[in-house]
Structure formats: C-alpha cells, structure tokens
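Please read all numbers here as calculations on a predicted model, not as lab measurements. All residue numbers refer to positions in the sequence shown, counting from 1.
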Amino acid sequence: MLVFAAVLIWIDTTILGIALERIADPRTGLGATPGQLQWAVGSYALLFATALFAAGALGDRYGHRTILVLGLAVFGAASIWAAWAGDATGLILARGLMGLGGAMMMPTSMAIIGATFPPERRAGAIAAWSASSGVGVALGPLLGGVLVDHFWWGSVFLVNLPVVAVALIGVALVVPNPKLATKRRPDPLGLVLSTAGLAALAYGLIEAGQDTDWARVRVWGPVLAGLALLAAFTVFEWRSREPSFDPRLFRNGRFSAGNVALAALFFAITGQMFYGNFYLQGARGMGALDTGLAFLPGALGVALGSVLGARLAKRHGVALVSGGGLLVVAASFLANLWFDVDTPLVWFCLVGLVSGTAMGMTIAPTVAAVIAVLPLDRMGAGSAVNNTVRQVGSVLGIALLGTVLATTYRDRIGPALSGLPDAARAAAEPSAEHTRAVADALHRPDLAEQANDAFVAAMHTTAATAALVALLGSVLLLLAFRTRRHPNGAHTAREHQAELERTPSGR
C-alpha cells in the first residue's frame, strides 16, 4: 500500500507536463501564460519541499499512518479541484495543495517502513518503495497522453482518484501507526520562513519572465526578499537545538557537493520537461499520446540507469559514475541545440534514452553516497535534507529556465508581431500557443511558422542554460568524490568505498 502512495507522487510529477500545451491554448484550455504555467508546476514542488519536515514531525507526534491518510485525502481532494479548475489561479492553488499532500505521504511512508520491517528485510522494502518511482515516471506521460487525447486536460488529475482510494483502503487495513517515543517539536517558524522565502524568490524570477525588465521593483524586490528570508531561515535553524532542516550537515564537503549537484540535476530536468512538451505538441504538432510515447525511452533510461549506476559505483567510485553521468546529461542538453521542427523523432528518443540512463546513473549513487558520509544517527535528517534540496532545485529550475524560455521567445517573435494591430499583438505576445491562436484567427499560417521557429530558438537557449548548470554539478561531483591515488599513480575504487564505510563523517 505504501508503494501505491509513492507511485501516486511520481505519476503526478510527470503527468501534468503532457497537459501543459492544452492548458496554455486559449482555444482548448485556460489560455494560461508562461508565468502561470510555471506556477502550476512550481507550486507543487514548492509546497512539497517546504512541508516535508513538518509532515515528519507531525507523524512522530500523532502517528505516521494518521498523517499518511490525511495526505492521501488532501491529495485526492486537490486532484478533483485541479481537474475542474475554472482558471489558472485555481489550478495553481490546487497544485500547491497537491504538493502539500505529497509532502505528507513521503516521509511518513519511509518512517512506517523503518518501523515495520525488521533490519534483514528493510533494505528490500525500501528498494521496492524506491523502484516505484520508475513505474510512476513511465506511467505518467502515457496515461496523460491517452486522457488528453480522448478527454479534456483536467482528466489527467482524475487518474489519481482510484489510486488514492485503493491506497486509503489498504493503509487502513494493514498499515500500522507507529509513533516515536521521543517526539520532534513542530517548527512553524521554519516552515513559514522557508516557504515564504522560496515563494518570493520564485515569484521574482517568474515575474522577470513577464516584465523582461530586471530593474523593476516587482522583480528584484521579491528576489531580494526571498534571499533574505532564506538566510533568516538558515540562521534560525542553525541556532535551533532541534532543527527541522539542519544546515550543520553541509559542513561535510561531500554531503554539500552531492546535494548541490543533485539540485543542479533536478533544476535542469524540470526545465527540460517544461520546454520538451511544448516542443513536441506545440512546435511539432504531435498528439498528447505520441508525446508520452516519445518521453518513454527517457523514463526507461532512468530505471535502467539507477540499477546500473548503483552497481558500477561500487566498483569504479561515485566520482566516475555519477560525475561522468551528469556530464553526459549536460551533453544531452547540448544535443537539443540541433533539434528543429522537422528533426527525425528517433533522434529525440535516442537522446532521451541516453540522457535518462545518465540521470539514473547519477541520482542513485549520489543519493547513497551523500547519506553514507553521515553518522548513523544523522542519516534520517540527511535524507530529509536531500529530498528537500532536490525539490528546491525543481522550484528554481521551473522559475529560472521557464523565464529564459519566455523572455527569449518574446524577443524572437517581436519583429514578426510588429505589423499586427495593437490588440492582436498583445494577444499573440505571451507565448507560442497564444501566437498560434492569433495566427489561426487571422488565417496567417506564416505567423504560426514564425512562432514555431521563435520557440525552437528559445528552446535552444534554455537547453544551453540547463547544460551549463548540469556541467557545474558534474564538476562538483568529480572534485568532491575523487578517489585518492597511490604513489605509483594507481587507485582503487574499492579502497575508496572502504574508506567511506570506516569514516561515517566522510572527512
């Protein structure tokens, strides 16, 4: 039953992307602007990231099954709201509520596994729970494609309801309700500071994509306020005797480098998923199901890479496997620069397979390595920090890379819109979907082609930015986890692994 909850989280992480093109289209959806779409994706990750610690503490106090059931109920109710949202604002709020429900499910599921299974079976249970992510990542685009092609965009959220129902029944019947004898105190101030800080920072970055003028107070003001709030959050948690987010863990160089690299990876992944759906469905005119199938090689690659990476890292070390994997991810993003509206689809699928495999080879060994460098009594806190940092990377990725995409598109399409009436130009400017709608109304196929060309150019700029961030993450992994060399120049990964096991602090 805990696997059902995990599958639900991962399906919802990927399924929305298939519907974004329809939601953005003013003829078939909500006519959402790029900024509103960024918030529809980012609000989920924002609440997910900042509520994880509070959910874990509430589970310790009131029972993890209780919080898990509440999270499932919240997720299901928010899914209904999202499915029938009448405007972009309603969709954004519903998605944020879904993120809150997801945050209540993840740490409680892990706590229940730890309390229920004996040590000799616990590793297998965690592996099965973790493997469900691959199932969710693969199912999300396919289910989304079928639903969007045959129903309406909101139907992608209704797929959550039967999974929620089965999970609720199973959890109520067979899952225990463990509590900790020593309860963690709630951290309401930390929750408010972290949520407000990330929200303000994301708002400023997204607003930059709407205004295209960083000198405006409504852009730099929220960015500075967000950074100040996050700094205050860090200071508060550092001074706390029982911090929910322990910044002291980052004093370990490998823990810091590994987490920053993972944040960089999820930063790039989220941005690629955002523009990739618009590329396939918008610029290339593919159907939703065909788009889901085009993303399938990448999802299968993640599952394959996770298994392969874990095995190779034991023999060759984290630096070579994870650092090299992230370097391949960066190269895959650069390969997007050769994609055009008529590029054979097989190349998109091949690049996706290579990129997905490299992602899996990066994520699995790096997560294991950053947790392994901590003492046993800090591994739980380290795991929570690791999950949060990855979600923060997703929030910043959709905010910054989405802004790069929007601003570059408007710069590219501007000359083509200069001859239109003011009303038509204002309607066509926000995004390629809006431009195509105006081109269709004016019977201007040439304008639709110019919109596609402008979008592809914007996608290239965004992909190059994502590649640069992934490259920096790769350098961090290569430097932080490099193996020591013997005087004769040789080195063994097995000795490096043994060193990690002997020194939990990772120093």
Side-chain angles (χ1 to χ4, degrees), residues 14-29 31-32 34 37 41 140-150 153 156 268-301 332-356 401-402 404-406 408-410 412-413 416 428 430-441 444-464 466-467:
T14 57
I15 199 170
L16 176 63
I18 297 296
L20 288 176
E21 173 71 24
R22 295 288 180 89
I23 296 171
D25 196 322
R27 298 162 294 182
T28 60
L37 293 176
V41 177
L142 295 179
L143 289 174
V146 171
L147 292 171
V148 170
D149 274 351
H150 292 86
W153 62 265
V156 300
I269 291 174
T270 307
Q272 186 195 41
M273 291 177 64
F274 188 73
Y275 70 69
N277 282 286
F278 290 110
Y279 166 65
L280 294 176
Q281 294 186 61
R284 297 186 64 116
M286 293 172 56
L289 178 56
D290 291 337
T291 299
L293 290 171
F295 277 115
L296 185 58
L300 296 177
S332 299
F333 287 138
L334 287 179
N336 290 184
L337 301 183
W338 283 268
F339 289 164
D340 207 338
V341 292
D342 55 0
T343 301
L345 192 59
V346 65
W347 290 112
F348 181 89
C349 295
L350 182 60
V351 170
L353 176 62
V354 172
S355 179
L401 293 181
V404 171
L405 185 71
T408 307
Y409 174 78
R410 280 205 301 273
R412 294 280 184 167
I413 198 63
S431 68
E433 287 67 37
H434 287 78
T435 306
R436 295 188 198 100
V438 171
D440 185 55
R444 289 276 308 275
D446 62 306
L447 182 58
E449 291 180 6
Q450 289 173 310
N452 292 338
D453 291 340
F455 175 82
V456 170
M459 180 184 76
H460 291 165
T461 302
T462 309

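Residues passing the side-chain hydrogen bond (donor to acceptor under 3.5 Å, both in side chains) test with Thr462: none are found, sequence neighbours excluded. Partners of Arg412 under the salt bridge (charged side-chain N to carboxylate O under 4.0 Å, His left out) rule, at least two apart in sequence or in another chain, do not exist in this structure. For His460, the side-chain hydrogen bond (donor to acceptor under 3.5 Å, both in side chains) test picks out no residue, with sequence neighbours left out. Among residues two or more places apart in sequence or in another chain, the salt bridge (charged side-chain N to carboxylate O under 4.0 Å, His left out) test is passed with Asp446 by Arg444. Legend: residues meeting side-chain contact (heavy atoms from CB on, under 4.5 Å) with Ala467, ordered by chain and number and at least two apart, are Phe333, Leu334. Residues satisfying the side-chain contact (heavy atoms from CB on, under 4.5 Å) criterion with Asp453, sequence neighbours excluded, are absent altogether. Every residue meeting the ring-ring contact (aromatic ring centres under 6.0 Å, His included) condition with Phe339, not counting sequence neighbours, appears here in chain and number order: Phe348. Partners of Asp340 under the salt bridge (charged side-chain N to carboxylate O under 4.0 Å, His left out) rule, at least two apart in sequence or in another chain, do not exist in this structure. Considering only residues two or more places apart in sequence or on other chains, Ala437 meets the side-chain contact (heavy atoms from CB on, under 4.5 Å) condition with Pro26, Arg27. Qualifying side-chain contact (heavy atoms from CB on, under 4.5 Å) partners for Val354, counting only residues two or more places apart in sequence or in other chains: Val328, Ser332.
Here the straight-line distance linking atom CD of Gln450 with atom CD1 of Ile413 works out to 6.0 Å at 0.5 Å rounding. Distance CD1/Ile18 to CG/Asp149: 9.5 Å, rounded to 0.5 Å. Put simply, CZ on Phe455 and CG on Leu405 are 5.0 Å apart, with the number rounded to the nearest 0.5 Å.
Applying the side chain to side chain donor-acceptor pair (under 3.5 Å) test to residues at least two apart or on different chains, the pairs with a partner in residues 283-295 are Tyr279-Arg284.
Distance alone, capped at 3.5 Å, places no donor-acceptor pair between the Ser355 side chain and the Val351 backbone. Under the 3.5 Å distance criterion, the side-chain polar atoms of Thr435 are matched with a main-chain donor or acceptor of Ala428.
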Determine, step by step, whether Phe295 and Leu280 satisfy the side chain to side chain contact (heavy atoms under 4.5 Å, CB included) criterion, reporting the C-alpha distance in whole Å, the side-chain angles of both residues, the deciding distance to 0.1 Å, and the verdict.
CA-CA 10 Å; Phe295 277 115; Leu280 294 176; 3.9 Å; yes
Donor-acceptor pairs under 3.5 Å, side chain of residues 271-278 to any protein atom, not counting sequence neighbours: which ones?
unit_1	atom_1	unit_2	atom_2	d
Tyr275	OH	Asn336	OD1	2.6
Asn277	ND2	Gly17	O	3.4
Asn277	ND2	Met273	O	2.7

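Contact between Pro297 and Leu353 at its shortest, heavy atoms only, is O-CD1, 3.5 Å. Of all heavy-atom pairs between Leu401 and Ala466, the closest is CD1-CB, 4.0 Å. Minimum interatomic distance between Ala24 and Glu433 (heavy atoms only, all atoms of both residues): CB-CG, 3.8 Å. Minimum interatomic distance between Cys349 and Ala294 (heavy atoms only, all atoms of both residues): SG-O, 3.9 Å. Closest approach of Ala458 and Thr408 over heavy atoms only: CA-CG2, 3.6 Å. The shortest non-hydrogen separation linking Arg436 to Ala283 is NH2-N, 3.3 Å.
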